[in-house]
Amino acid sequence: MIGKKLGMAGVFSSEGKYVPVTVIQTGPCVVTQIKSEVTDGYNALQLGFEEKRSSRTNKPLKGHFEKSGDKCFSYMREFSVEKPGEYSLGQTITAGLFKIGERVDIAGTVKGRGFSGVIKRHGFHGGRKTHGSKSHRIPGSVGCSAWPSKVIRGKKMPGQYGNTKTTVQNVEIVDIRPDENLVMLKGAVPGSRSGLVALYKR
Amino acid sequence: MDIVQQLERQMMRLDVPRFIPGDTVKVHVKIKEGEKERIQAFQGVVISKKNGMSNATFTVRKVSYSIGVERVFLLHSPVIDKIEVVSRGRVRRSKIYYLRKLRGKSARIKERRF
């Protein structure tokens, strides 16, 4: 299911423990396309999330959305299912799909940090700040000498950090509010607030 | 953020009395012993209060058998049965951690009058 990260909060469990949760607005999603083994070579559902005005939709997409109803969506994602025959075009999928206590996988886009150095990106310690040190945040030596006379592959170096799709597995569902389309997951979830996330049933 | 704030509000308790650091409070805590549940009181001076939504906490310090005991409570926790304000104290700062170094007569706090 597609969702949107709203932010983090805390919830008291029945034992009185304080549980940090991430609140996610999930759905309602609408089945916009059903892909089956026969026609597409694999079984999947395409879901649409967050309705938008049809005047804001271009003609090719409008044609695509017309097959499943008169609603247009901002986001679409594909989810693999075993039996696509159980679903019908235009069917609405809500947060009621999940149960409290169930575990899910959640995928989101990590906050982008741009081109970052090794301290931020890989957690290097960095050099001395004072006492004549000129090595503050530089990575230092990257390898050996005459042999092997190259830098070994996979050496941790500065570069792009974040802005990648990341999946967190086995996240517990603490609470569900089907009327408000909210799902609360224990702990943190990749991405910024109002970032798009995808929830997968295990 | 609105929905998140609403959720936090729902978690908050409305029956929390007003008290500030320096006050002496009696916190009635629910304790589970196997199947049974009983209530234990913890009385001491509030030495700090951390504000927040549902995650607001306060620290209570008491000296028990000449050993200082501090407990941090979640203000809105359902574990707390009730909070009683025993007496009001007059202190000049919001975090009275200096109390940890004091003992005996010097660790007294003047009463706050209205």
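All chains are named by letter (A, B, ...) in the order of the sequence lines, taking the proteins before the strands, and each is independently numbered beginning at 1.
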Student: Is a side-chain donor or acceptor of B:Thr57 paired with a backbone partner of B:Val72 at a separation under 3.5 angstrom?
Tutor: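 Not at all, since once roles are kept as given, no pair shorter than 3.5 Å links the two residues.
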Student: Chain A: which of B:Leu7, B:Val79, B:Ile80 shares the most heavy-atom pairs with it under 4.5 Å?
Tutor: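 Among B:Leu7, B:Val79, B:Ile80, the one with the most close pairs to chain A is B:Leu7.
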Student: Between A:Phe73 and A:Phe49 (judged by ring centroids, cut-off 6.0 Å), do the two rings come close enough to count as a pair?
Tutor: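 No - the distance between ring centres of A:Phe73 and A:Phe49 does not fall below the 6.0 Å cut-off.
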Student: Checking heavy atoms, do the side chain of A:Val23, its backbone, both or neither come under 4.5 Å from chain B?
Tutor: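 The side chain, not the backbone.
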Student: Just one of B:Ile20, B:Leu74, B:Asn51, B:Val27 clears the side chain to side chain contact (heavy atoms under 4.5 Å, CB included) bar with B:Phe58, so which one?
Tutor: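 Answer to the side chain to side chain contact (heavy atoms under 4.5 Å, CB included) test with B:Phe58 among B:Ile20, B:Leu74, B:Asn51, B:Val27: B:Val27.
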Student: Looking only at heavy atoms and a cut-off of under 4.5 Å, which of B:His76, B:Met53, B:Lys30 has the most pairs with chain A?
Tutor: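 Looking at each option in turn, the highest pair count goes to B:His76.
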Student: Could you give the side-chain donor-acceptor pairs of residues 59-67 of chain A under 3.5 Å, partners two or more places apart or in another chain?
Tutor:
residue : atom : partner : partner atom : Å
A:Lys62 : NZ   : A:Ser54 : O            : 3.4
A:His64 : NE2  : A:Gln46 : OE1          : 2.7

